[in-house]
There are 2 protein chains.
Amino acid sequence: MKKKLSIKDIAEQLNVSKTTVSFVLNGKASENGVSQAMQRKVLSYIEKVGYRPNKMAQGLRTGKSKTIGMMVEDISDTFFSTIARKFEEILTTKGYKIIYGSTENNTDVTKELIRVFRNHQVDGYIIAPPPGIEEDIKALIEDGVPVIIFDRPLTELDVDSVLVDNYRGAYKATQHLLANGYKNIVMVTLLSEQTQMRERERGYRQCVEEAGGKPAILKIRYHEKKEKAIADIEQYLKNNRKTDAVFFATNYLAENGLEAIANCKLAIADRIGVVVFDDSNWFRLFKPSITAISQPIEAICTEVTNLLMERLEQKKEIAPKAIVLPTNMIIRNSSVPVKKAGRT
Amino acid sequence: MKKKLSIKDIAEQLNVSKTTVSFVLNGKASENGVSQAMQRKVLSYIEKVGYRPNKMAQGLRTGKSKTIGMMVEDISDTFFSTIARKFEEILTTKGYKIIYGSTENNTDVTKELIRVFRNHQVDGYIIAPPPGIEEDIKALIEDGVPVIIFDRPLTELDVDSVLVDNYRGAYKATQHLLANGYKNIVMVTLLSEQTQMRERERGYRQCVEEAGGKPAILKIRYHEKKEKAIADIEQYLKNNRKTDAVFFATNYLAENGLEAIANCKLAIADRIGVVVFDDSNWFRLFKPSITAISQPIEAICTEVTNLLMERLEQKKEIAPKAIVLPTNMIIRNSSVPVKKAGRT
DNA sequence: TTATTTTATTAAACCGATTTAGTTATCCAG
DNA sequence: CTGGATAACTAAATCGGTTTAATAAAATAA
């Protein structure tokens, strides 16, 4: 019921003008010749009554909302929610809040999200972009709004971006399996045009071919009922009994793929080699536990926020940077005695 | 570079007043006697140029930001991020955006978050409250701000809340284990004063005692390094060889507890009964797969948002509601042949 | 002593919407 | 033909800040 006090109230209580209070509040006191005595007076009163300026009013006048818009495919995905947490941690220290939106990897949803975020006057965007959103992002940039892309590249667009080396990650994953004696590695990936998926595929292909093998790729349609995904993978394994290792291109696929493997009730179940792109806390609990290509989440977040802050504080033109980070291979309790592994 | 257009621009282009445009925009045209012709004219122009009002200005004038503040212990936790996603889904359809903050279950952090949210003029709060925050929340409510509590009760405070029946959930979990022939069930829980944890403990205790057993409770300190948690649980199992089943009070504990069980390398490893409070997609992948008490996430979200919308649209006083939802037991591939289970 | 600069403070415009209180013009009744 | 009601629209106040331009008082220079 006690209504919030405004800068006008403060000014009246102290018998000074709003201007003076505002100057003090914004650290522009000294440069505007407000006396030290006055500064102390205002500051201590502010402190005492716990006054905090209304962001709406500030935002209206300055055009800055102190809010960052974050758009990812799905905030409930562990990868993205972990990142969201880190962003929050870092951006809070800079006085920013985050509003989020899930794109569902859908262009129209994303377009609408961008529109809503614009109306909310967010100061900057952090986006894991869906395909086909180039034009809209270009428009943002041309309007001078800071945009940082991550997780998925946006080819043909010169924009700040932070990505991981999907190609190398997949290559290393495959290499690891080969080095452990596996001969028939299938890659299970998404039936999707996402660039990062194509890169992972390329890494796998390249590695297998260099070793003189023949790539085997199983593509699963996303967002279908997971039972379907499981059945598809199961089918494949049953039809290709020589398969002795699986490289899952995403966590989501591994989740279902592991069930498929279990369902097969094949002897291979505990001998099969498994590597997954993206790590999970649960992987270490399987036996044999699962090796993963993990993304450097911490680094991604600091790079993204650094780029963002740079843009937000930007005085002069700066050229967009494209940062590519290496992945980490987490080798767990490696698979199985190498010699016994193959079933050739 | 093309600067966004304002209602003033629209008005000038159309040779009408801002007032008229505003009335049309807010659906208050007819009740204010704006002619149909004029309404169409404005509407079609708005549509054509894609004008959208500035939320900052609207917010300043109306005091409504169309933003909801969500505070949970940790947004990267699967339970909370899943909920965050659902909230987003529902609230988006009502024209709201969400800003979030992680409380770390810390009172001071939460106090500051509330302060920040207030400055941002959020229209409503959805909070999974840490202990000791009663006063601050009471203050919010007294100021007439909608607050919905979930996940954790705030005893002694009359506020809208949505909780699950932790007591019954834990009771059922324990009962399930007993019914399957397990005799020595240990409950692994957090060393924490959180009410919902105490309820779970109470459910377990009650059930064991009713069956004439002696409760065994192992409390783990949270936020410690997980290696410590694993070691503690491992230690317990080694010191209490009669233990034939474990009831984990949280997902987090199960994650580490399962590793502890594996580390024990005891014969019991594949015979031990395991039930976890909170479900996880990964549980079905273990063998024997893990039974879980799952929270009705969908229902929690609809109840919370319903209460919230009710408050937001509230005309007259309404008494706070406390909603308690039942948990679901997800029995998976049940444990093990009952007879062989015990090791007595 | 007067003119000029510097120091300390403030009045008023502005941001972009909503909303209150009018203002015309038209219509109808008496 | 006049006065009151109604219909259609609008001027101006307002929300709570920031910022520009101005002012009064004190200090320095001429």
Side-chain angles (χ1 to χ4, degrees), chain A residues 3-43 45-46 49-67 95 116 118-123, chain B residues 3-43 45-46 49-67 95 116 118-123:
Chain A
K3 71 166 183 301
K4 295 212 64 188
L5 21 77
S6 72
I7 197 172
K8 195 177 155 209
D9 299 321
I10 304 290
E12 277 168 7
Q13 307 294 329
L14 290 173
N15 264 314
V16 291
S17 74
K18 297 193 299 172
T19 311
T20 304
V21 179
S22 177
F23 281 155
V24 174
L25 245 60
N26 294 293
K28 300 185 176 167
S30 297
E31 75 191 64
N32 280 94
V34 175
S35 67
Q36 291 296 321
M38 176 65 86
Q39 292 193 36
R40 268 192 301 276
K41 182 173 160 193
V42 173
L43 243 20
Y45 187 71
I46 297 286
V49 298
Y51 165 79
R52 298 269 198 121
N54 178 322
K55 292 273 174 200
M56 290 286 139
Q58 287 189 144
L60 176 56
R61 179 65 234 236
T62 62
K64 303 287 167 219
S65 61
K66 283 292 180 178
T67 302
V116 174
R118 292 216 81 174
N119 301 137
H120 275 271
Q121 306 262 119
V122 305
D123 297 339
Chain B
K3 70 167 182 301
K4 294 212 65 189
L5 19 78
S6 72
I7 198 172
K8 195 177 156 209
D9 299 321
I10 303 289
E12 278 168 5
Q13 308 293 331
L14 289 173
N15 263 312
V16 292
S17 74
K18 296 193 298 172
T19 312
T20 304
V21 178
S22 177
F23 281 155
V24 173
L25 245 61
N26 293 295
K28 300 185 176 168
S30 296
E31 77 191 62
N32 281 94
V34 175
S35 67
Q36 290 298 321
M38 176 65 84
Q39 292 193 38
R40 268 192 300 276
K41 182 173 159 190
V42 173
L43 242 21
Y45 186 72
I46 297 287
V49 299
Y51 165 79
R52 298 269 199 121
N54 178 323
K55 292 274 174 197
M56 291 284 138
Q58 287 188 143
L60 175 56
R61 180 62 234 241
T62 63
K64 304 288 166 218
S65 62
K66 284 292 181 175
T67 302
V116 175
R118 292 216 83 173
N119 302 136
H120 276 272
Q121 306 260 118
V122 305
D123 298 338

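Letters go in sequence order (proteins before strands), and every chain restarts at 1.
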Quick note, salt bridge (Lys or Arg N to Asp or Glu O under 4.0 Å) partners involving residues 10-38 of chain B, not counting sequence neighbours, are none
Check: Met38(A) versus Thr20(A): any side-chain heavy-atom pair under 4.5 Å?
Finding: yes
Heavy-atom side-chain proximity of Leu25(B) to Ile46(B) below 4.5 angstrom
yes
Footprint ends on DNA chain C, 5' to 3', for atoms under 4.0 angstrom from a heavy atom of chain B, come out as dG16(C) to dT20(C)
(message) Considering every strand and a 4.0 Å limit on heavy-atom distances, what is the contact class for Ser22(B): base, sugar-phosphate, or nothing?
(response) base
The side-chain contact (heavy atoms from CB on, under 4.5 Å) partners of Gln36(A) (sequence neighbours excluded) come to Ser30(A), Gln39(A), Arg40(A)
By side-chain contact (heavy atoms from CB on, under 4.5 Å), Leu43(B) pairs with (sequence neighbours left out) Val24(B)
Counting primed atoms, P, OP1 and OP2 as sugar-phosphate and everything else as base, the B/S/- map of nucleotides 10-15 of chain D against protein heavy atoms under 4.0 Å is BBBBBB
Rounding to the nearest 10°, end axes of the helix from dT1(C)-dA30(D) to dG30(C)-dC1(D) built from five pairs each make an angle of 70°
List the residues meeting side chain to side chain donor-acceptor pair (under 3.5 Å) with [X], not counting sequence neighbours, and say none if there are none.
| X | answer |
| --- | --- |
| Ser6(A) | Asp9(A) |
| Ser35(B) | none |
| Asn32(B) | none |

Leu25(A) atom CG is separated from dG16(D) atom C1', nearest whole Å, by 12 Å
Any chance the side chains of Ser22(B) and Thr19(B) put a donor and an acceptor closer than 3.5 Å? no
side-chain hydrogen bond (donor to acceptor under 3.5 Å, both in side chains) pairs touching residues 57-67 of chain B, sequence neighbours excluded, are Ser65(B)-Asp123(B)
